[in-house]
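Just below is one structure, and these are the notes that go with it.
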Amino acid sequence: MDTPDAAPDIAGALNWARARIAVVDARVLLRHVLQCSAARLAAYPEARLDEREWAEFRSLIERREAGEPVAYLIGEREFYGRPFMVGPAVLIPRPDTELLIELALAHFGDKPRTRILDLGTGSGALAVTLALELPDADVTAVDRSREALLVAMANAARLKASVSFVLGDWFSQLGGDRYQLIVANPPYVAAGDPHLGEGDVRFEPGTALAAGPQGLDDLAAIAAQAPRHLEPGGWLFMEHGYDQAAAVRGLLTDAGFSSITSWKDLGGIERVSGGQWLGRGEPR
Ligand code: GLN
């Protein structure tokens, strides 16, 4: 379908876009340009775009056609029912990562004043959500990317979550601080994984995705160091790749964790593994 010269109406714009990208994406992008609800988009197919709206919509469709993720194009993605600002400095929050929230709430929902650490916070999705779901908790979020931390801080401010932010590489800036709960969605994709060169992930920060030849480098570092930063009885939960559950349970065993378990994501894949630090013996 040729590109109309003059700005078309909503139906015409969507019709033009659907020949290029998925219609669900086209609707989200048009709502972003028009700043309107899905209901308004559906109710007024004959409403005409103005020239500025049409130019902006065309440009977004072309960028989407070239592969840019919708979340970056509109600057936002929902996580656990709340809107998080996102940009190329941070990984786009995935629905599967909500499993980490559910596990945290299942283990600590009835324990006020929990000290929680989120490692590699990125957009802040985990830290901000935990701070809002557990208002008496004391939440610290770490990232080694200054740009990511700025995004996370902006999300905490916008969503009115109280979180302490630390710039640093995993535990390196935390001194001897100990927590009752540590959560992490670290990079865990194998460096040579063809998945990194396909689709939306091409536009996401490689440092948030890839972690050594098997994708286990960061998971291993966190498992090994976590005992020095957990209170006796505290838990570590880490998200990992679809085929890494057994390896991560092995890392947790080597580090001296107890009650080691893996939990399945929405697709039925073991996606999070964790364990409890009982504080017996010296952390290795
Ligand atoms: N699940 C993400 C992906 O496969 C990876 C997230 C991560 O490395 N933490 O794209």
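All ligand and atom numbering here is 1-based and tracks the order in the structure.
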Residue part near ligand 1, for A211, under 4.0 Å between non-hydrogen atoms: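 Near ligand 1, A211 shows nothing, with every heavy atom at 4.0 Å or more.
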Residue part near ligand 1, for L209, under 4.0 Å between non-hydrogen atoms: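 Both of them.
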Where ligand 1 meets N185 - atom numbers and elements under 4.0 angstrom, heavy-atom basis: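 Matching atoms, with element in brackets: 7 (C), 9 (N).
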Atoms in ligand 1 with a heavy atom of V201 nearer than 4.0 Å: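 Here the atoms of ligand 1 in question are 10 (O).
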So is there a nitrogen or oxygen of [X] less than 3.5 Å from a nitrogen or oxygen in ligand 1?
{"X": "R271", "result": "no"}
{"X": "P186", "result": "yes"}
{"X": "E204", "result": "no"}
{"X": "E239", "result": "no"}

Test log, rule side chain to side chain contact (heavy atoms under 4.5 Å, CB included), inputs D9 and L49: CA-CA 6 Å; D9 59 17; L49 280 61; 5.8 Å; no
Other ILVMFWY residues reachable from Y72 by side-chain steps of under 4.5 Å: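 Its cluster partners, ordered by chain and number, are V86, V90, I92, V151, F203.
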Close approach of H195 to ligand 1, heavy atoms, under 4.0 angstrom: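 In this structure, H195 qualifies as a contact of ligand 1 - some heavy atom is under 4.0 Å.
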Ligand 1 contact by A210, heavy-atom criterion under 4.0 angstrom: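 No, that is not the case, since the closest heavy atom of the residue is not under 4.0 Å from the ligand.
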Distance from atom 2 (C) of ligand 1 to nearest protein heavy atom, with residue and atom: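 So the nearest neighbour among protein heavy atoms is R94 NH2, 3.6 Å.
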Aromatic ring proximity, centroids under 6.0 angstrom, F237 and W263: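 Under 6.0 Å, so yes.
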Aromatic ring proximity, centroids under 6.0 angstrom, F57 and H32: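 Ring centroids of H32 and F57 are no less than 6.0 Å from each other.
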Spacing of L126 atom CG and E98 atom CD [to the nearest 0.5 Å]: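 Rounded to the nearest 0.5 Å, the CG-CD separation comes to 9.5 Å.
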Aromatic F84 / basic R77 pairing, under 6.0 angstrom, 45° off normal: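 Cation-pi check for R77 and F84: fails.
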Pair Q276-S258, side-chain donor/acceptor within less than 3.5 Å: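 There is no such pair (donor and acceptor under 3.5 Å, judged by atom type) between the side chains of Q276 and S258.
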Q244 and Y188: side chain donor to acceptor below 3.5 Å: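 The criterion, which ignores hydrogens and geometry beyond distance, is not satisfied for Y188 and Q244.
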